[in-house]
There are 2 protein chains.
Amino acid sequence: MVTIKDIAREAGVSISTVSFAFNGTAPVAPETKARIMEVIKRLNYQPNSAARGLVTRKTNSVCLFTPHPATDFFSFSGNNDFNGLLQGIGEVLDHKDYNLLLAWDSLGHKTKTPKLVKLMRERAMDGVLICLPEHDFQTIEELTEQNFPVVIVGSNSQANRVNSVDVDNYEISYKNTRHLLGLGHRRIAFISPGPLNYLVCEDRYEGFKDAMEEAGLRLRDDYLYIGDEKEQSGYKAAEHFLTLKEPPTALVAGRDAQAVGVIDYARAHGTSVPGDLAIVSFENSAAAVKYGISSATTNLYEIGKEGARLMLKLLGRKKDRAPQNVVIPSELVVRESCGGRSSALNADVKAEADADQA
Amino acid sequence: MVTIKDIAREAGVSISTVSFAFNGTAPVAPETKARIMEVIKRLNYQPNSAARGLVTRKTNSVCLFTPHPATDFFSFSGNNDFNGLLQGIGEVLDHKDYNLLLAWDSLGHKTKTPKLVKLMRERAMDGVLICLPEHDFQTIEELTEQNFPVVIVGSNSQANRVNSVDVDNYEISYKNTRHLLGLGHRRIAFISPGPLNYLVCEDRYEGFKDAMEEAGLRLRDDYLYIGDEKEQSGYKAAEHFLTLKEPPTALVAGRDAQAVGVIDYARAHGTSVPGDLAIVSFENSAAAVKYGISSATTNLYEIGKEGARLMLKLLGRKKDRAPQNVVIPSELVVRESCGGRSSALNADVKAEADADQA
DNA sequence: CTGAAAGCGCTTACAG
DNA sequence: CTGAAAGCGCTTACAG
């Protein structure tokens, strides 16, 4: 292993000068610097990260704390595009020469995060991006108190207290529902992508609820189905809804996979989509394209990018400021499944949407 | 930040004794140890990883080096279950209290791996698991020469020179093809899941080729289609094959997504699967289940686990031994798509397969 | 069983 | 512009 001493000896200078030259942290005579850099290049020197970290108190790495892959969270979360999140985070981090540490708690712990606290205490990373279905705000507070940068990526019920980046699931769901209402539907059902105590699910349900109530429609228990991340739950939901005395004419699917399940059921039972049942969904995944599902975008790539950017910003700051909450825009991509694709209808919806904005 | 000095002062001992007690690296009087541990617990002490790493020369972290997520490699590689790989690696690493570093080269570099060399030189990790479609063996050799542990996870053309863990794609493809031959097919086509210079593709093609040649069948150029990771390429392949003067009666799909594309085409054109076209594939993904595709398993979870285990073994070793190549078993899950599901047929195939083993 | 001391490879005041 | 020295927080011989 070639150390700074080797470079110093070979270049005939002190180790401080090598450090200054390499890091550009103090002026060094051009000829001296050139000589040093030549030796560095020749000997393939790279400063030992542990030694450097020990004195700078920085690891130059950021941790992404997520559920253990086995929990299938990214499949759950309304987007199985974990790669998109990773890509966004990775690109921003790489650009600033930060490393990415991937961590999760051992299986079994639900919202407890001992591993995270341990990593913070041993200073294994400079900051953490947390992406979980439910949060352990006690731990987060503990980290924040120690001035340890935390950014929540995805749903976050304590928005004003913690830095975060997410789409606005409530707003998206509200607009999805308004879209169906705008098409004339009154009997609209909702499939939750998971238990309602999960933040994403709660937000999506609330948006649906408020849009319905604003339209003067009451919520029917039999028009709510609590599903999970799988296609099968959409299939089951469709079975439930379509065998009711008075089936819904439209539904808000909790995620694209569920919408696919609904369509599979409809195809198998001669139900027309959107004729008998109009569908809007969340995610805008590849499946939405393939099945012609109208779906609102959840750009995990952008969420990852903004999350990493916010983290880097926090790391570059001396004093802490008030938490920041970044909202990534989303839009409903209208396809066949909702029956709102005809240009005339679209124009109406568009106008209505614009009016909503004002 | 609470350091070993704080603990030593509070417990009224020297820092060495604290270290010995905490790490169990030297005998400490029971009462002393109890007192120290109490203080450690009370003050929430966790040794600084950089300081520790500086002297032990270990980071206790392993790097997974993969293509940048944007390259969609895991979608390509015959299995988009990146989570499975992560889960396998993560579980084993967690168990031994190792951290996982995720790294890739900046976009643009293809098989060059400067980032990897940099991470090794600065000692940011103890070893690396490499999972790439093509390998930069010059870099790998460089790492190996420095006694830096390397394990290739997935395809590897230099098996005997580098540690690796993978399924045997050649063997799987050979058996897939034999399965179709066993069902009586003679006009069998092959769709490659990517360019033939990719190792996975080459292996799968070679297995197909050898099985065909052994059966005394010649390879027809028009029965080979070079696709990519997307469903669409299966659709296109089906279009190509089924509009030939003499269309194949069976085909080996390069991956499940392609098989899905083929089935989509068949459904849209009234072609019966397996009646007019029998299909076997690779991956055994959720899509294979949904579409009833006969597909050979690629257990990325197991590959990840064995990869991490091998890495840990290497890290615990003083002297280096000859490279080890772990093969993860695979089996063909027979479903409707190949027409080989009837028990009678299966019995034949089974018998034949057994005969092959002998 | 315990402590004083050296040292891991860097960065960073501090002198000059 | 350059160097000698202290020190980051640990581990690990070495004495006793």
Side-chain angles (χ1 to χ4, degrees), chain A residues 1-37 39-40 43-61 97 118-126 146 318, chain B residues 1-37 39-40 43-61 97 118-126 146 318:
Chain A
M1 191 169 158
V2 29
T3 74
I4 196 170
K5 276 188 191 169
D6 300 318
I7 306 300
R9 191 185 332 103
E10 189 78 7
V13 293
S14 73
I15 62 166
S16 356
T17 304
V18 173
S19 178
F20 294 147
F22 186 85
N23 297 309
T25 166
V28 174
E31 317 82 65
T32 316
K33 178 157 186 171
R35 188 152 31 93
I36 293 173
M37 294 313 270
V39 177
I40 286 179
L43 268 57
N44 244 321
Y45 170 69
Q46 194 74 38
N48 179 294
S49 56
R52 176 180 266 189
L54 184 55
V55 27
T56 60
R57 288 154 186 292
K58 293 199 42 173
T59 62
N60 257 51
S61 78
D97 223 39
K118 176 177 179 258
L119 288 171
M120 180 271 283
R121 289 238 164 74
E122 68 186 19
R123 296 281 143 180
M125 75 260 194
D126 298 335
Q146 314 255 348
K318 43 289 96 205
Chain B
M1 191 167 154
V2 28
T3 73
I4 197 170
K5 277 189 189 169
D6 299 318
I7 306 300
R9 193 185 328 107
E10 191 78 6
V13 293
S14 73
I15 60 166
S16 354
T17 306
V18 174
S19 179
F20 294 149
F22 185 87
N23 297 309
T25 165
V28 174
E31 316 84 63
T32 316
K33 177 157 187 173
R35 189 151 32 93
I36 292 172
M37 294 313 269
V39 177
I40 285 178
L43 268 55
N44 244 322
Y45 170 70
Q46 193 73 40
N48 180 294
S49 56
R52 177 178 265 190
L54 183 56
V55 28
T56 61
R57 291 158 186 290
K58 293 200 38 172
T59 62
N60 256 53
S61 76
D97 223 40
K118 176 177 179 261
L119 288 170
M120 180 271 280
R121 289 239 163 74
E122 69 187 17
R123 295 281 142 180
M125 74 257 192
D126 297 336
Q146 314 257 345
K318 47 284 101 200

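Order of the sequence lines sets the chain letters (A, B, ...), proteins ahead of strands, with each chain counted from 1.
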Run the side-chain contact (heavy atoms from CB on, under 4.5 Å) test against Glu10(A) and tell me which residues pass, sequence neighbours left out. Val39(A), Arg42(A)
Nearest heavy-atom pair of Ala124(B) and Ser61(B): which atoms, and what distance? O-OG, 3.5 Å
Can you pull the contact range of chain B along DNA chain C, 5' to 3', using atoms under 4.0 angstrom from its heavy atoms? dC1(C) to dG9(C)
Decide side chain to side chain contact (heavy atoms under 4.5 Å, CB included) for Asn48(A) and Thr3(A); before the verdict, give the C-alpha distance in whole Å, the side-chain angles of both, and the deciding distance to 0.1 Å. CA-CA 8 Å; Asn48(A) 179 294; Thr3(A) 74; over 6 Å; no
Residues within residues 22-29 of chain B bordering DNA chain C, heavy-atom distance below 4.0 Å: Pro27(B), Val28(B), Ala29(B)
Where do Phe22(A) and Ile40(A) come nearest, in terms of heavy atoms and distance? CD1-CD1, 3.5 Å
Taking all non-hydrogen atoms of both residues into account, name the closest pair between Val28(A) and Phe20(A) and its distance. CG2-CB, 3.7 Å
State the NZ-CG distance between Lys118(A) and Asp97(B), to the nearest 0.5 angstrom. 3.5 Å
5'-most by nearest nucleotide on DNA chain C - Ala51(B) or Ile15(A): Ala51(B)
Salt bridge (charged side-chain N to carboxylate O under 4.0 Å, His left out) partners of Lys5(B), counting only residues at least two apart: none
How close do Tyr45(B) and Ile7(B) get, heavy atom to heavy atom, and via which atoms? CB-CD1, 3.5 Å
Which atoms form the tightest heavy-atom contact between Met125(A) and Leu119(A), and what is the distance? SD-CB, 3.4 Å
Which dot-bracket string describes DNA chain D (Watson-Crick N1-N3 plus N6-O4 or O6-N4, or G-U N1-O2 and O6-N3, all under 3.5 Å; [ ] crossing; | other strand)? |||.||||||||.|||
Would you kindly compare Thr17(A) and Gln46(B) by the position of their nearest DNA chain D nucleotide and give the one closer to the 5′ end? Thr17(A)
Heavy atoms within less than 4.0 Å of DNA chain C: which residues of residues 52-59 of chain B have one? Give them sorted by number. Leu54(B), Val55(B), Arg57(B)
At what distance, to the nearest 0.5 angstrom, does OG of Ser16(A) lie from CD1 of Ile4(A)? 8.0 Å
Would you classify Thr3(B) as touching base, sugar-phosphate or nothing, given that sugar-phosphate means primed atoms plus P, OP1 and OP2, and contacts are heavy atoms under 4.0 Å? sugar-phosphate
How far apart are the closest heavy atoms of Ile36(A) and Ala11(A), and which atoms are they? CG1-CB, 4.1 Å
So Arg123(A) and Arg57(A), do their side chains get closer than 4.5 Å, heavy atoms only? no
pair Arg52(A)-Asn60(A): side-chain heavy atoms closer than 4.5 Å: no
